[in-house]
Structure formats: structure tokens, C-alpha cells
Amino acid sequence: MITTRNNDLLLQNIDPSESFPVSFEQLEQAAQEKMGKGAFGYIHSGAGREETLQKNVSSFSKYAIVPRFLNDVTELDTSVQLFGRTYATPLFIAPVGVQKIAHEDGEIATAQAAASLGIPFIQSTVSSYCIEEVTEATGNSPKWFQLYWSSQNEDISYSMVQRAEAAGYEAIVLTVDTVMLGWREEDVNNQYSPLMQGFGKANYVNDPVFMASLPNDDDDSIIQGIVDNIYHPSLSWKQVVELKKRTSLPILLKGILHPEDAKLAIENGIDGIIVSNHGGRQLDGVVASIDALRAVVEAVDGKIPVLFDSGVRRGSDVVKALALGADAVLVGRPFVYGLAVGGQQGVEKVLSNILQEMKVTISLSGITSVRDLRNVTIVKR
Ligand SMILES: Cc1cc2nc3c(=O)[nH]c(=O)nc-3n(C[C@H](O)[C@H](O)[C@H](O)COP(=O)(O)O)c2cc1C
Ligand SMILES: O=C(O)C(=O)c1ccccc1
């Protein structure tokens with residue numbers, strides 16, 4: 001149990017010297033002003049007609065909290081238990097690759113900000129700094145590793161997982177919805193690919209198995225090697241089962257939307273799932289992530305943890321997802337914009353605002369722990 005005594009979090013934030021954008025819209029605008037067109041377009045846009053991108057956010061408004069009053073809410077326990085560990089908050093940093101396109105300090109700044117707030121950091125395969133650099137910068141703060149399967153040479157996947165395990169990472173997140181990149185028109189318009197520019201190569205150039213697989217080690221061969229491996233349409237349950245055998249870390253599948261896939265994950269010995277549609281960046285026209293959550297939670301029936309992302313913009317979104325049955329929630333674009341606007345401090349500001357609104361929302365709903373959020377009444381219109 002990690003209990004903090006509540007105080008008036010709003011008044012604590014009324015400070016005449018503060019000028020950091022507080023709403024998501026202001027934050028996005030400030031990030032746009034800081035970034036080049038290609039980089040901003042890459043982060044902000046979605047696939048296809050961007051139906052899913054928009055629905056991810058707007059669908060949260062369909063769910064409403066029905067609060068209870070006259071409970072003593074002086075104290076609040078924000079901790080969650082996952083895979084036998086206690087995490088200080090139910091908020092996680094979503095795996096986001098190529099963070100140098102937002103800020104030179106990239107994942108180092110984000111991971112340090114997360115560590116300072118006790119928020120677990122999930123590092124992407126295509127990060128701009130490698131596993132070992134992030135570890136050196138953040139010591140033993142909680143970290144998970146997100147794996148993009150390497151199709152041409154599966155030993156690259158096992159090697160990266162082994163490096164994460166050696167560095168003390170606590171879980172592996174296998175992303176299953178990105179066997180190829182989604183159809184993203186803004187990137188075509190801007191002729192922009194951070195992968196082709198080498199922003200996502202750190203984990204690859206520091207991997208002995210990957211480097212040994214190349215014909216030679218010039219930059220073009222490296223980029224070509226990454227592009228060839230990251231395209232992995234053949235990924236199936238067979239590789240998932242094999243991966244499970246190769247590591248002692250818990251494995252989560254990220255990108256599950258269908259209750260039947262959730263059941264298959266359990267049958268195949270998977271330790272957790274993340275309900276996500278990749279922030280509307282992959283398949284367009286799919287169900288909003290928050291609308292998929294309840295059915296998946298019901299199918300899983302408490303057997304493994306269910307995490308959630310896509311469309312979370314503020315603390316009350318976190319609370320709604322937790323009340324609908326998620327065990328923890330990943331924040332994506334908001335922290336990336338914080339990084340673009342203010343580096344490590346910017347990420348800290350964004351995360352701290354989300355955490356504070358989350359706390360206020362839980363307490364004003366009438367309960368005293370994240371665990372009890374399940375009992376909060378949610379109505380859908
Ligand atoms: C710029 C960018 C890069 C991303 N890179 C990855 C990645 O490398 N691996 C991954 O599993 N998900 C990646 N995602 C998806 C996020 O983990 C998360 O699912 C998504 O951002 C949630 O949507 P939201 O940010 O709109 O809330 C990326 C998202 C963005 C915006
Ligand atoms: O853009 C993404 O959503 C993503 O997952 C990714 C994939 C390859 C390189 C960088 C990011």
C-alpha cells in the first residue's frame with residue numbers, strides 16, 4: 001500500500017510564475033510550434049481517415065462517473081500490484097519510439113521524468129537511446145521493454161529480450177498490432193520517416209546479433225536491416241509461445257481489442273494484455289480503445305492483468321479506464337508533447353498534472369484506493 005495524505009491539489013497549482021500549458025490542446029499547440037512539420041505530423045497524425053484517432057478521445061465522453069459522497073477521503077492509495085510487484089501509480093509511460101524527433105534528450109529525459117514520479121517507463125524497440133543508456137541514466141527505477149518482433153532473424157528478438165532482462169527490466173511487452181506500419185497519409189505528404197533517418201536505431205546498433213547479421217556495418221546497411229526486420233507479417237501464436245519459453249520475465253501482448261484474442265492469450269500462457277489500437281496509428285476504422293475495454297475485461301475475468309491505452313488525455317480518462325476494469329493505464333502523446341516543449345521538465349509537468357487530476361478525480365468519486373475504483377458506478381450514454 002502506498003498511501004498519501006490528500007491536500008488541495010488545485011490550489012497548490014495556482015502559481016503566478018507558472019506558464020506551462022495545462023490542457024492537451026494547449027500542449028499540442030505549443031509542441032507544434034517547437035517542432036518541424038514532419039516530426040510533429042509523425043507524432044500527431046493517425047492512419048487512414050483518422051476515424052479511430054478521433055474516436056479514441058471522443059468516446060471517453062460517453063462514460064460518466066456517478067460519485068458517492070460522505071466517505072472519508074482524507075487518504076488515497078494509488079499503488080497497484082502487477083506480476084508480484086508493487087507500482088506506485090496505475091499510470092505507465094507508453095512505449096514510444098524515436099523520441100529524439102521530439103527532443104535531443106529523447107528517452108533519457110522521459111525515463112528520468114518517469115523515475116522522479118515513480119511512474120514505470122516502457123522503452124520501445126525503436127528508441128533513440130538504447131536499453132543500456134537508459135539504464136545508466138535511471139538506475140533501478142521500474143522499466144519494461146517493448147519488443148517489435150524481428151522477422152528475418154528471430155535471434156535478434158531473443159537477444160534484445162535478454163539485454164532487457166540483464167538490465168533489470170521487469171516485463172516484456174510484445175506489440176502485436178504493428179506487423180507492418182499503418183497507412184499514414186500525413187507522413188506520405190511530408191515524405192517523412194524517422195526510421196529511414198536513423199532515429200530508431202540505438203537498440204539495433206548496440207545488438208551483437210543484429211550487427212552480425214548485416215553484410216557490412218555502414219549506415220545504409222543498418223537502416224535496411226532494421227526496415228527488413230521490423231516488417232513481420234508472419235508473427236503468430238507459434239512465436240509468442242516460443243518467446244515465452246525464452247524468458248523468465250512476464251510477457252504482455254499490446255494491441256489486443258477482441259475478447260477472443262484475450263482468451264487465446266490466456267490459453268497460450270501470456271501474463272498480461274494491453275487493450276490498445278496504437279493511438280489510431282495502425283488500422284483505421286477500428287473500435288475506440290475505451291469501447292473495447294469492458295468486453296475484454298469480462299473475457300479475461302481477472303485471470304491476468306489488463307492494461308489500457310489510446311486516447312488518454314487527462315486524469316479523469318485514467319480513472320474511467322480503471323473503473324471500467326483496467327489494472328493500469330498507459331499515457332502516450334501527452335508526454336511526447338511535454339518532451340518536445342520542455343525536455344525532462346516538460347514530461348514531469350505533463351505527468352504530474354495527469355497524476356494530480358487522477359488523484360482529485362478518485363477522491364471526489366468517493367473512494368480511497370485505486371483498488372476500489374472497480375466499485376465506482378460508470379454509466380454509458
Ligand atoms: C510517435 C509515436 C511512436 C510510437 N511508437 C511506438 C512503438 O515504438 N511501439 C509501440 O508499441 N507503440 C508505439 N506507439 C503507440 C503508443 O505506445 C500508444 O499505444 C499510443 O500512443 C496510444 O495512443 P495515444 O497517444 O493517442 O493515447 C507510438 C505512438 C506514437 C504517438
Ligand atoms: O509510429 C509508431 O506508431 C510506431 O510504432 C513506430 C514504428 C516504427 C518506428 C517508429 C515508431
Side-chain angles (χ1 to χ4, degrees), residues 24-25 27-28 31-32 35 38-61 91-99 101-102 107 110 121-127 144 146-148 173-188 190 192-195 199-200 230 252-258 273-293 296 306-314 317-318 320-321 324 326 328-340 347 350-351 354:
F24 180 78
E25 291 71 23
L27 185 63
E28 186 166 64
Q32 181 166 21
M35 261 185 276
F40 177 75
Y42 189 78
I43 295 162
H44 143 276
S45 69
R49 200 183 275 128
E50 301 192 332
E51 282 173 6
T52 301
L53 176 67
Q54 285 160 22
K55 264 198 297 190
N56 275 343
V57 174
S58 64
S59 290
F60 272 96
S61 304
L91 203 65
F92 279 60
I93 301 288
V96 166
V98 298
Q99 290 186 28
I101 71 173
E107 291 82 4
T110 304
F121 174 74
I122 309 182
Q123 183 172 357
S124 165
T125 291
V126 284
S127 46
W144 293 4
Q146 177 267 328
L147 181 67
Y148 274 138
V173 172
L174 178 69
T175 300
V176 298
D177 60 13
T178 309
V179 300
M180 61 193 80
L181 283 177
W183 182 254
R184 305 175 187 176
E185 294 186 350
E186 193 153 334
D187 298 338
V188 179
N190 292 335
Y192 187 81
S193 164
L195 210 56
F199 284 107
I230 211 164
L252 297 94
L253 301 184
K254 174 171 180 279
I256 298 293
L257 293 168
H258 203 296
I273 57 175
I274 305 179
V275 172
S276 166
N277 57 32
H278 211 106
R281 304 164 65 80
Q282 283 301 106
L283 181 60
D284 192 36
V286 306
V287 59
S289 197
I290 193 70
D291 289 334
L293 180 58
V296 171
V306 176
L307 281 68
F308 172 86
D309 81 22
S310 298
V312 174
R313 298 292 175 261
R314 52 173 57 256
D317 297 338
V318 177
K320 286 178 184 178
L324 289 168
V329 173
L330 282 50
V331 59
R333 287 181 177 92
F335 91 75
V336 188
Y337 292 145
L339 177 64
V347 179
V350 168
L351 294 176
I354 294 177

Which atom names give the shortest non-hydrogen contact between [X] and [Y], and what distance separates them?
X: I230; Y: Y148; value: CD1-CD1, 3.8 Å
X: L339; Y: A102; value: CD2-CB, 4.0 Å
X: S276; Y: D177; value: O-OD2, 4.2 Å
X: S289; Y: F308; value: OG-CE1, 3.3 Å
X: Q282; Y: T178; value: NE2-CA, 3.4 Å
X: G97; Y: S124; value: CA-OG, 3.6 Å

Residue pair [X] / [Y], side-chain heavy-atom distance below 4.5 Å:
X: V173; Y: L147; result: no
X: L27; Y: Q32; result: no
X: S127; Y: V98; result: no
X: Y192; Y: I101; result: yes
X: I274; Y: L253; result: no

Inset, instruction - Please confirm whether the backbone N or O of K55 pairs with a side-chain atom of S59, one donor and one acceptor, at under 3.5 Å? - result: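 Side chain of S59 to backbone of K55, a donor-acceptor pair under 3.5 Å: yes, one is there.
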Inset, instruction - Please check if the side chain of K320 supplies one atom and the backbone of F60 the other of a donor-acceptor pair under 3.5 Å. - result: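 Side chain of K320 to backbone of F60, a donor-acceptor pair under 3.5 Å: yes, one is there.
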Inset, instruction - Answer yes or no on whether R281 is positioned over the face of Y42, meaning its NZ or CZ is under 6.0 Å from the six-membered ring centre and within 45° of the axis. - result: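 Yes, R281 sits over the ring of Y42.
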Which distance, rounded to the nearest 0.5 Å, do you find between the [atom1] of [X] and the [atom2] of [Y]?
X: F199; Y: S193; atom1: CZ; atom2: OG; value: 10.5 Å
X: D284; Y: T52; atom1: CG; atom2: OG1; value: 4.0 Å
X: D309; Y: D317; atom1: CG; atom2: CG; value: 12.5 Å
X: F92; Y: W144; atom1: CZ; atom2: CH2; value: 4.0 Å
X: E107; Y: Q123; atom1: CD; atom2: CD; value: 6.5 Å

Inset, instruction - Start with the C-alpha distance between I122 and I93, add both sets of side-chain angles, then the distance that settles side-chain contact (heavy atoms from CB on, under 4.5 Å), and finish with yes or no. - result: CA-CA 6 Å; I122 309 182; I93 301 288; 5.6 Å; no
Hey, are [Y] and [X] close enough side-chain-wise for a donor-acceptor pair under 3.5 Å?
X: S58; Y: Q54; result: no
X: N56; Y: N277; result: yes
X: Q99; Y: T110; result: yes
X: H278; Y: S310; result: no
X: Q146; Y: T175; result: yes

Inset, instruction - Apply the test side-chain contact (heavy atoms from CB on, under 4.5 Å) to residues W183 and L283: give CA-CA distance (whole Å), side-chain angles for both, the deciding distance (0.1 Å), then the verdict. - result: CA-CA 8 Å; W183 182 254; L283 181 60; over 6 Å; no
Inset, instruction - Please name the residue in the list L324, L252, I273 that meets the side chain to side chain contact (heavy atoms under 4.5 Å, CB included) test with V306. - result: I273
Inset, instruction - Take L257 and V296 through the side-chain contact (heavy atoms from CB on, under 4.5 Å) test and state the conclusion after the steps. - result: CA-CA 7 Å; L257 293 168; V296 171; 5.9 Å; no
Inset, instruction - Examine F24 together with Y337 and report whether their ring centres are nearer than 6.0 Å. - result: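 F24 vs Y337: aromatic centres under 6.0 Å.
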Inset, instruction - Kindly check if the number of other-residue, nucleotide or ligand heavy atoms within 6.0 Å of CZ (R313) is above 12? - result: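 Correct, the count exceeds 12.
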Inset, instruction - Determine, stepwise, if the pair I43 / M35 fulfils side-chain contact (heavy atoms from CB on, under 4.5 Å). - result: CA-CA 10 Å; I43 295 162; M35 261 185 276; 3.7 Å; yes
Inset, instruction - State plainly whether the residues E186 and R184 are in salt-bridge range, i.e. N to O under 4.0 Å. - result: no
